[in-house]
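Report on the structure given below.
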Amino acid sequence: MNIFNSFQLGKSTELKNRIVMAPLTRCRATNNIPNQLMVKYYQQRASAGLIISEGTSPSLNGLGYPRIPGAFSDEQINGWKTIADAVHLENGKIFVQLMHTGRITAKANMPSGAITLAPSSIQAAGEMFTETGMVAHEMPKAMTLQEIESTQNEYVNAATRLVNEAGIDGVELHAANGYLMNQFINPKSNIREDQYGGSIENRTRFVLETARKIANEIGSDKVGIRVSPYGAYNDMQSDYETLENTFIYLAQELAKIEIAYIHIVDQRVAFGAPDFTTDIKKTIKENFKGNIISGGDVNTTEKAEAILNSGLDLVYVGRPFISNPDFVEKIQNEKELVAPDMDTFYSPGEKGYTDY
Ligand code: PHB
């Protein structure tokens with residue numbers, strides 16, 4: 001298997017190689033609207049087989065970080081169209097990651113009228129950065145059944161507009177790293193006693209219902225999902241009694257929906273999570289049977305191919321893409337990689353963004 005060979009993702013998306021640019025928060029979207037600077041950034045990185053965009057909120061209520069983009073207003077959808085066109089001009093493909101931050105937020109980052117929602121009214125430990133410094137996470141409001149339904153509809157609207165109006169190739173549901181969908185899955189942030197909390201079926205219901213609704217609108221092969229089993233980032237419980245069975249059930253149900261892929265983020269690398277207690281990537285692959293994206297610390301052709309040789313299908317690369325827009329060409333030709341400047345990961349402007 002060759003990492004540089006093309007790959008058919010679902011029926012509608014042909015990738016020119018098996019390298020996936022991972023979603024990376026970059027905070028350049030002033031007023032939460034994708035702009036020309038972002039067009040340049042994504043166009044520069046279009047030699048990835050697939051770009052998965054930075055986390056993008058489907059809702060006013062999901063804008064937990066400063067300057068992250070949304071996908072719910074006309075201006076935001078127009079901005080995404082410009083990005084899709086630029087990536088397609090380079091023969092690249094792009095999915096937009098739908099990230100609702102839920103309780104991982106600070107009031108200062110949220111536009112007026114936004115409310116902090118989560119499955120249960122439990123504040124996340126840790127702090128959020130704002131334009132004026134670090135502050136404690138907001139105490140969220142436990143979602144009513146009506147808010148659950150309206151939030152799902154926001155995901156559906158964003159996905160539909162991104163694909164039908166903006167020409168984006170598909171969407172990835174961010175169910176990893178402690179954001180809203182993960183807050184439903186994880187028992188530490190979800191202590192609901194209704195049909196959305198408690199059992200495995202109930203904790204995965206929000207994610208699965210949303211995935212089904214989106215698949216019905218845009219086609220299942222344009223839907224992917226990102227999960228982070230054993231992750232602890234953003235105050236998630238990294239292990240719990242039903243963890244393995246939760247992800248087995250999720251994989252089996254997602255297989256029935258026939259989504260394009262499951263993307264497993266390995267938090268042991270960039271997020272310092274504890275070691276996995278089971279071979280969860282293999283378990284998810286066996287139960288889903290479809291395409292799996294995974295990675296972690298991939299910076300050479302050998303490491304990328306080792307992921308394929310372990311039985312997985314596509315390889316994500318995160319931070320190296322920040323400082324090496326031509327990452328694919330560089331590893332193919334064994335050129336040295338440039339190290340990223342962490343001080344400009346989230347700062348506004350082109351420095352550390354489009355100038356590598
Ligand atoms: C971050 O901005 O730090 C961030 C966002 C989304 C993730 C992980 C980290 O999934």
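Nothing here was measured: the structure is a model prediction, and the numbers come from that model. First listed ligand is number 1; within each ligand, the first listed atom is number 1.
Centroid-to-centroid, the aromatic rings of Y316 and H263 come within less than 6.0 Å.
Here the heavy atom of the protein found nearest to atom 3 (O) of ligand 1 is Y233 OH, 3.0 Å. Remark: minimum distance from atom 8 (C) of ligand 1 to any protein heavy atom is reached at N177 ND2, 3.4 Å. Closest protein heavy atom to atom 2 (O) of ligand 1: T25 OG1, 3.0 Å.
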Does the side chain to side chain donor-acceptor pair (under 3.5 Å) test come out yes or no for S6 and R18, once each step is laid out?
-> CA-CA 7 Å; S6 64; R18 291 179 184 236; over 6 Å; no
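Short contacts between ligand 1 and H174, defined as distances under 4.0 Å to a heavy atom of the residue, involve ligand atoms 6 (C), 7 (C), 10 (O). Per-residue contacts place Y65 under 4.0 angstrom from the following atoms of ligand 1 (heavy atoms of the residue considered): 1 (C), 2 (O), 3 (O), 4 (C).
The residue from F271, F345, Y179, F129 that puts a heavy atom closest to atom 6 (C) of ligand 1 is Y179.
Residue pairs satisfying the salt bridge (Lys or Arg N to Asp or Glu O under 4.0 Å) criterion with at least one member in residues 287-299, sequence neighbours excluded, are listed as follows: D297-K303.
A heavy-atom distance below 4.5 Å is not found between the side chains of V39 and W80.
Residues E209 and Y196 have side chains that bring a donor and an acceptor to within less than 3.5 angstrom of each other.
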